[in-house]
Amino acid sequence: MGILKVMGLKKAFGIDELFHDVNFEVGRGDRVGFVGANGAGKTTLMKMLMGQEESDGGTIQLDSADTIGYVEQQADFGEGTLYDEFRRAFDDIIELGERKRALEKKIAVDHDEETMKAYSKVVEQFERLEGYDYESRIRRIAFGLGFTEVEFAKDVQHFSGGQKTRICLAKALLREPDFLFLDEPTNHLDIHMIEWLEGFLKSYKGGVLIISHDRYFLDKVATRIIELENKTVTSYEGNYTYFMKVKTQRRAALQSAYEKQQEHIRKTEEYIRKYKAGIKSKQARGRQSQLNRLERIVLPPEEASFNYFALNTPPECAQRVAELEDVAFSFGAHDIFRNISLLIRKGDGVALVGPNGAGKTTLLRVLVGEIEAAAGRVKIGSRVKIGYFSQQHEGLHMESTVLDEIMYEYGIDEEQARKYLGAFLFHGDEVLRRIGDLSGGEQSRVAFLKLMLTGANFLVLDEPTNHLDIPAREAVEEALMAYPGTFLAVSHDRYFLDKVANCTLELENGQLTEYMGNYSYYLMKKELAAAEAEEARLEEEKAQKIKAAREKEKQAKAARKTGELAGQAVEDNKAKAQAELGRIQSMSEAKRTEMIQRAEAEIAMAEAELKGLEYQMNDPAVQADPVKSQEIAEAYAAKEEEIVQRYEKWERLTEA
């Protein structure tokens, strides 16, 4: 595999320049995080690398033999089931497998030299493409991304938008191309799926380029960060946290150098003014020439960031803000959760995590009273005012401007409204834009600001950072950390949860488990519990091995008693082998050659079948089925014994 090289790339739309002088490389084993604000041009640049967008200058070098896997944002699937869609990624391997089986049938009837050569070539190509492994690879990746065996038979057109994004991701990963281009791969994935993807990418052999606003994901996966800012790119070795550290240091050093240069310029200009007409005028003119030649340090524009603003302190409320007692909810006969009990106290910052479909949003809607629990009791504390942030932003007026949405809804003047909006990254004429014309992320920022201005003392937040770029996520984090009330947040953004939460609730399999810390604390406790469970499993396994060893010794003692009979059987087998050797030696040379060729063909076929059984044994779906697993294990052992016998026969033929 070669290296992807980008040199001097530039792009503009009319007179609006998107970026210029873009230079970077992605090689084997690189996992590059590509970051920048929404609208900076990250997706456009990635499409240019794919050849889907024309550049206005520069070059992209990529070996024609290198393959690229790309996660499409808008999926276009053919007809058929989910499994059919995954199998389409392996059309060439499936065709090779069919050719291999046809040749095997031909060899069984007629093992001429040309057929043997063709078979050997097909088998070599099939094994190089890991043909025996493709079905287990489909299951490994599909199960890792949350699909089930039952869903394999479902029509691919009937999946939701989020599920289709996961299908695209799975298809990009299946063939393990030389380069993987991933545009926001963690969107629509729950935390368990994101963790699976992290593990997959960390062991990936090819080059990976990832556009992502998921800082925790970039910390786990990226070996290098490329930032698109101020219409060009800067590369930083290391993960996201290291990138932020180095970037901060560089900005501080540049600021210091800028201030020193400005002081030098001020003193030089003062000297010139003082002496330009006096006896030191020659020196003054010399300093003016030096000043004219001086390369001025230019500071980059200040990053848009959260500026702390003082909201009105929310009203006081009871210490017990919200309580759930044995709450249950069902859709028809399907239980979403049952016997849920929970107490949220004043001042808590609570994170609610769990896999997609566990019922997190349903639990929030039960808590705020949008839907009624099937059983149990929901109690909201005295003087508690709830502010609910839903993913659909139902409270926004699409025809209003951003400024009017804030001014008229809360009765504040323009200056104050602009101050609040500036804290959430709306500056200048941006506040005059119509709500309906905003992106999903911009609407989220307006909705969150409105929520903060309601005076609610208990915020219930459903994915508040969805569709937000990193600066906007930081604004939401800072606002929540400055918020003096109580909040409960559902989110898959682990970096966000680490910063704002002091308690983590996990909803899984209909049950709620509480961890008294942020996401990292929750993860540490989960890993500790898993380690303890593994230690207990190993101890049990050790005890079983000791028991089996004792049983084996007992059987060995019994076997020694019948050793003499076994010895006689060995002598009989030797006599049979000697007799067969005599028969072979009496054959003609042509007949022996024909039998040797047939034996070699049978060995090749048996070894191919053994390898197929080996891949089946490693298939997660087979391992999950004890009966099927036992059947394949027995077939594998029988095939091994068959190969040993065939080699013994071949040795006798060649010896003769």
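Residue indices begin at 1 and follow the sequence shown. Computed over heavy atoms, backbone and side chain alike; hydrogens, waters and symmetry mates excluded.
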> With under 30° as parallel and over 60° as perpendicular, where do the rings of Phe389 and Phe448 fit, or are they tilted in between?
Replying inline: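 Correct class here is perpendicular.
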Test: [X] and [Y] ion pair at under 4.0 Å:
{"X": "Glu176", "Y": "Lys205", "value": "no"}
{"X": "Lys526", "Y": "Glu506", "value": "yes"}
{"X": "Glu442", "Y": "Arg433", "value": "yes"}
{"X": "Arg215", "Y": "Glu477", "value": "yes"}
{"X": "Lys274", "Y": "Glu270", "value": "no"}
{"X": "Lys10", "Y": "Glu17", "value": "no"}
{"X": "Lys247", "Y": "Glu229", "value": "yes"}

Should [X] and [Y] count as side-chain neighbours, where that means a heavy-atom distance under 4.5 Å?
{"X": "Leu299", "Y": "Gln255", "answer": "yes"}
{"X": "Pro185", "Y": "Leu197", "answer": "yes"}
{"X": "Arg250", "Y": "Thr234", "answer": "yes"}
{"X": "Thr67", "Y": "Phe179", "answer": "no"}
{"X": "His397", "Y": "Ile435", "answer": "no"}

> Between Asn502 (side chain) and Gly349 (backbone), is there a donor-acceptor pair under 3.5 Å?
Replying inline: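 The answer is yes, because a donor-acceptor pair under 3.5 Å joins these two groups.
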Does NZ or CZ of [X] lie under 6.0 Å from the centre of the six-membered ring of [Y], at an angle within 45° of the ring axis?
{"X": "Arg166", "Y": "Phe147", "value": "yes"}
{"X": "Lys11", "Y": "Phe13", "value": "yes"}
{"X": "Arg31", "Y": "Tyr204", "value": "no"}

Find the distance between [atom1] ([X]) and [atom2] ([Y]) and round it off to the nearest 0.5 Å.
{"X": "Asp214", "Y": "Asp493", "atom1": "CG", "atom2": "CG", "value": "5.5 Å"}
{"X": "Leu364", "Y": "Leu488", "atom1": "CG", "atom2": "CG", "value": "5.5 Å"}
{"X": "Met244", "Y": "Asp219", "atom1": "CE", "atom2": "CG", "value": "11.0 Å"}
{"X": "Tyr258", "Y": "Arg296", "atom1": "OH", "atom2": "CZ", "value": "9.5 Å"}
{"X": "Leu62", "Y": "Leu49", "atom1": "CG", "atom2": "CG", "value": "9.0 Å"}
{"X": "Leu145", "Y": "Cys168", "atom1": "CG", "atom2": "SG", "value": "11.5 Å"}

[X] and [Y]: which non-hydrogen atoms are nearest, and at how many Å?
{"X": "Val22", "Y": "Val6", "result": "O-CG1, 3.6 Å"}
{"X": "Ala358", "Y": "Leu507", "result": "CB-O, 3.4 Å"}
{"X": "Val26", "Y": "Arg224", "result": "CA-NH2, 4.2 Å"}
{"X": "Lys360", "Y": "Val353", "result": "CD-C, 3.6 Å"}
{"X": "Ala479", "Y": "Phe424", "result": "CB-CZ, 3.7 Å"}
{"X": "Ala351", "Y": "Ala501", "result": "CB-CB, 3.8 Å"}

Does [X] [atom1] have over 12 foreign heavy atoms under 6.0 Å away?
{"X": "Tyr242", "atom1": "OH", "value": "no"}
{"X": "Glu263", "atom1": "CD", "value": "yes"}
{"X": "Glu415", "atom1": "CD", "value": "no"}
{"X": "Asp91", "atom1": "CG", "value": "yes"}

> Quick one: are the ring centres of Phe90 and Tyr134 less than 6.0 Å apart?
Replying inline: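 Between Tyr134 and Phe90, which both carry aromatic rings, the centre distance is below 6.0 Å.
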> Quick check, are the ring centers of Tyr495 and Tyr216 under 6.0 angstrom apart?
Replying inline: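 That pair fails the under 6.0 Å test.
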> Any side-chain donor-acceptor pair under 3.5 Å between Asn292 and Ser289?
Replying inline: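 No, because no side-chain N or O of Asn292 sits under 3.5 Å from a partner of the opposite role on Ser289.
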